[in-house]
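Note on naming: letters A, B, ... go to the chains in the order of the sequence lines (proteins, then strands), and numbering restarts at 1 for each one. On a predicted model such as this, the values are computed, not experimentally measured, just so you know.
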Amino acid sequence: MNPAQLADEVRAALTAAVADGALSVAVPDEITIDRPRSREHGDYATPVALQLAKQAGVPPRTIAQALAERLRAAPGVAAVEIAGPGFVNIRLETAAIGALARDVVIAGEKYGSASTLSGIAVNLEFVSANPTGPLHLGHARWAAVGDALGRVMRAQGAAVTNEYYFNDAGVQIDRFAMSLLAAARNQPVPEDGYGGAYIAEIAQRVVQDHPEAAGLPDDEALRTFRTEGVQLMFDEIKSTLHTFRTDFDVYFHEDSLHSSGAVTTAVNKLKDSGSLYEKDGAWWLRSTEYGDDKDRVVIKSDGNPAYIAGDLAYFLDKRSRGFSLCIYMLGADHHGYIARLKAAAAAFGDDPDTVEVLIGQMVNLVRGGEPVRMSKRAGTVVTLDDLVDALGVDAARYALIRYSVDTTLDLDIDVWTRQTNDNPVFYVQYAHARLASLERHAADLHIELGDDYDPALLDTAQEAELLALLAGYPQVVAAAAELREPHRVARYLEDLASGYHKFYDAVRILPMGDEPATDATVARLWLCRATRQVLANGLALLGVTAPERM
RNA sequence: GCGCUCGUAGCUCAGCUGGAUAGAGCAGGGGACUUCUAAUCCCCGGGUCGCAGGUUCGAAUCCUGCCGGGCGCACCA
């Protein structure tokens with residue numbers, strides 16, 4: 001019995017009470033089932049009687065009474081009590097709780113998957129860093145969180161495309177090219193140019209492949225350094241992301257929007273539909289209608305498209321590819337874009353709610369409380385590669401995903417490289433490794449799960465807590481997907497690992513010495529298998545490994 | 001000035017689409033390994049949930065105002 005099944009029983013009991021005239025209420029679709037903090041309040045509790053009292057026009061305890069009478073007859077329910085103002089506290093039979101391990105083991109990798117998001121095609125755009133330098137910590141946060149969110153949403157049935165928007169048009173790239181050329185010619189960094197050791201490195205690699213390049217006239221030289229430099233930088237970014245276990249389905253080139261005429265097409269479409277207006281020689285988008293501070297220029301008075309023109313064309317392109325939901329993950333310094341992007345959707349006649357913009361706060365790396373600022377290669381910022389060098393991929397991903405993106409993050413290198421339980425990733429992985437070790441021992445002893453077990457034998461408090469934790473996993477994944485908050489999965493895994501460690505400490509699983517395996521041994525092994533499965537499933541959603549040994 | 005966001009234990013943070021006595025880890029103190037991984041577990045102390053109003057059976061959670069921190073407010077990209 002899991003909370004969802006219990007909610008069904010509660011709903012059925014209410015419906016029955018209405019049918020035989022005991023109550024007159026509209027039975028809600030969503031029934032709240034809580035896991036009370038104290039077991040004195042039962043295994044589960046529902047405040048539904050409190051919630052329905054007003055519309056029913058009767059005291060909550062009256063509703064609770066009618067509900068309790070019928071719920072007591074439900075299969076798996078051991079006791080139902082009314083408490084306080086009208087809470088209904090529910091105690092389940094031990095076997096009904098214990099049966100959950102079987103459900104988990106049978107579902108296997110699919111446990112926690114559902115279809116709450118099925119039928120929607122999601123374009124998930126994240127990182128999208130300019131290819132003018134290595135990825136830094138802010139990008140790292142989105143690489144980890146975005147990738148995890150994609151996994152979580154896929155687990156709920158969404159068709160997700162991970163997409164990287166590659167800004168390879170515009171003056172930033174020009175400055176990058178000028179910086180490379182200057183470095184190749186041993187000239188100082190140009191004004192507004194890029195510094196950092198990586199510029200010299202890339203410039204040198206361009207020179208290696210094209211020894212004549214630096215000596216060409218400026219125009220031609222810049223063209224070569226621009227094309228080759230961007231390619232090298234972009235390969236490096238892809239490689240960094242791949243190492244970080246974040247791969248994209250689509251790398252979209254902004255340049256292609258301009259060269260293909262997509263920008264012109266999009267702008268003309270908006271002019272035709274009256275979504276743009278002309279003022280002071282420029283064309284403006286009515287973004288104020290969607291919460292923007294001011295309307296935005298799409299075509300500048302010199303006739304050139306402004307940056308947002310590319311966004312408009314890009315959005316149109318996404319829609320033409322059939323996405324029903326476009327998610328953009330941006331840094332806090334870009335929160336001003338929310339209204340703009342929603343206005344873009346509206347301008348093309350789409351519901352602005354089909355555009356979601358997630359804003360992530362900044363990330364700082366600290367060591368012993370002191371900020372770590374300088375990077376070996378990038379000069380002023382810490383790179384994603386630096387982070388991986390310091391923590392490893394597992395800890396780096398986990399550390400970035402574990403916190404709500406709403407909070408500014410200070411990652412302490414000392415904490416995340418520690419191999420103790422103040423390092424959450426080790427704590428969770430250790431639980432998995434412990435379980436794997438246990439199963440190896442069971443195999444050595446020739447103890448097998450068999451076809452089934454007696455769920456009533458999982459009767460200790462620690463087993464009940466662990467089973468309740470396992471039962472809650474599907475709702476955690478569903479909530480993480482719906483709220484776009486993958487950190488919930490990480491927090492859950494820490495709770496689950498804790499529940500397992502407590503169980504392990506309190507209950508002997510395998511027989512000691514020459515003792516024979518009992519039915520209880522087998523039941524506990526089922527519980528262990530189920531726990532390992534959920535730990536593995538959850539870690540997979542985060543893109544973190546589930547080690548067999550540590 | 002306007003907008004977004006955060007403010008919960010000494011520290012780092014969960015909890016926020018309203019539910020019972022507000023949680024975890026760390027830090028501090030004290031315990032538990034002859035047999036399944038002690039990278040673990042148990043116990044102790046620790047709080048005006050920034051402040052003030054409001055909504056209601058019930059508010060850390062929702063609304064309003066204020067205080068404090070971060071980030072933004074281009075015919076740049």
Protein-nucleotide distance ([X], atom [atom1]; [N], atom [atom2]), rounded to Å:
X: A:N423; N: B:rA27; atom1: CG; atom2: P; answer: 13 Å
X: A:D495; N: B:rC13; atom1: CG; atom2: C1'; answer: 13 Å
X: A:I31; N: B:rG18; atom1: CD1; atom2: P; answer: 14 Å
X: A:R508; N: B:rU34; atom1: CZ; atom2: P; answer: 13 Å
X: A:W526; N: B:rC36; atom1: CH2; atom2: P; answer: 26 Å
X: A:L411; N: B:rC13; atom1: CG; atom2: P; answer: 9 Å
X: A:L358; N: B:rC6; atom1: CG; atom2: P; answer: 13 Å
X: A:D394; N: B:rA39; atom1: CG; atom2: C1'; answer: 15 Å

Identify, between A:I359 and A:M512, the residue whose nearest nucleotide on RNA chain B lies closer to the 5' end.
A:I359
For A:L438 and A:E254, take the nucleotide of RNA chain B holding the closest heavy atom to each; which residue's nucleotide lies nearer the 5' end?
A:L438
When all nucleic acid strands are considered with a 4.0 Å heavy-atom cut-off, which category describes [X]: base, sugar-phosphate, or nothing?
X: A:H501; answer: sugar-phosphate
X: A:A442; answer: nothing
X: A:A339; answer: nothing
X: A:G170; answer: sugar-phosphate
X: A:E494; answer: nothing
X: A:V425; answer: nothing
X: A:R37; answer: sugar-phosphate
X: A:E515; answer: nothing
X: A:P85; answer: nothing
X: A:D192; answer: nothing
X: A:I509; answer: base

Checking [X] side chain against [Y] main chain: does a donor-acceptor pair fall under 3.5 Å?
X: A:W142; Y: A:L330; answer: yes
X: A:S404; Y: A:D406; answer: yes
X: A:N89; Y: A:G42; answer: no
X: A:D168; Y: A:D255; answer: yes

Sequence-distant partners of A:R402, salt bridge (charged side-chain N to carboxylate O under 4.0 Å, His left out), two or more places apart:
A:E494
Those residues that, when tested against A:R434, pass salt bridge (charged side-chain N to carboxylate O under 4.0 Å, His left out) (two or more places apart)
none
Residues passing the ring-ring contact (aromatic ring centres under 6.0 Å, His included) test with A:H253, sequence neighbours excluded, are A:F166, A:F234
Once you apply the 3.5 Å cut-off to both distances, tell me the Watson-Crick or G-U wobble partner of [N], or none.
N: B:rG45; value: none
N: B:rU56; value: none
N: B:rG7; value: B:rC67
N: B:rC2; value: B:rG72
N: B:rA24; value: B:rU12

Which value, in whole Å, describes the distance between the [atom1] atoms of nucleotides [N] and [M]?
N: B:rC66; M: B:rC26; atom1: P; value: 41 Å
N: B:rA27; M: B:rU12; atom1: C1'; value: 11 Å
N: B:rC43; M: B:rG54; atom1: C1'; value: 43 Å
N: B:rC13; M: B:rC76; atom1: P; value: 38 Å
N: B:rA9; M: B:rG50; atom1: P; value: 8 Å
N: B:rG53; M: B:rU48; atom1: C1'; value: 16 Å
N: B:rC49; M: B:rU21; atom1: P; value: 14 Å
N: B:rG30; M: B:rC63; atom1: P; value: 47 Å

Provide a list of protein-nucleic acid N or O atom pairs under 3.5 angstrom, restricted to nucleotides 14-16 of chain B.
unit_1	atom_1	unit_2	atom_2	d
B:rA14	OP1	A:S404	N	3.1
B:rG15	OP1	A:H487	NE2	2.9
B:rC16	OP2	A:R488	NH2	3.1

Looking just at side-chain N and O atoms, do [X] and [Y] make a donor-acceptor pair shorter than 3.5 Å?
X: A:E254; Y: A:N167; result: yes
X: A:E163; Y: A:Y314; result: yes
X: A:Q156; Y: A:T116; result: yes
X: A:S256; Y: A:S259; result: no
X: A:Q65; Y: A:T62; result: no

A:R175 to A:Y194, cation-pi by 6.0 Å centre distance and 45° axis angle
no
Protein and nucleotides 68-76 of chain B: nitrogen or oxygen contacts under 3.5 angstrom:
unit_1	atom_1	unit_2	atom_2	d
B:rC71	O2'	A:A332	O	3.2
B:rC71	O2'	A:D333	N	3.3
B:rC73	O2'	A:D293	OD2	3.1
B:rA74	O5'	A:K294	NZ	3.4
B:rC75	O2	A:S301	N	2.8
B:rC75	O2	A:S301	OG	2.8
B:rC75	N3	A:S301	OG	3.2
B:rC75	N4	A:D280	O	3.2
B:rC76	OP2	A:K300	NZ	3.2

Determine: side-chain N/O of A:Y427 to OP1/OP2 of B:rC41, distance under 4.0 Å, yes or no.
yes
Considering just the side-chain nitrogens and oxygens of A:K54, establish if one lies under 4.0 Å of OP1 or OP2 belonging to B:rU56.
no
Base orientation of B:rC33, syn vs anti, 90° cut from 0:
syn
Under 3.5 Å, which N/O atoms of the protein pair with N/O atoms of nucleotides 58-61 of chain B?
none

Run the salt bridge (charged side-chain N to carboxylate O under 4.0 Å, His left out) test on A:E465 and A:K502 for me, step by step, so that the C-alpha distance in whole Å, both residues' side-chain angles and the decisive distance to 0.1 Å come before the verdict.
CA-CA 9 Å; A:E465 289 304 319; A:K502 286 172 187 178; over 6 Å; no
I'd like to know if A:K318 and A:E125 make a salt bridge, using a cut-off of under 4.0 Å between side-chain N and carboxylate O.
yes
Aromatic ring of A:F87 stacked on base six-ring of B:rA20, 5.5 Å, 30°:
yes
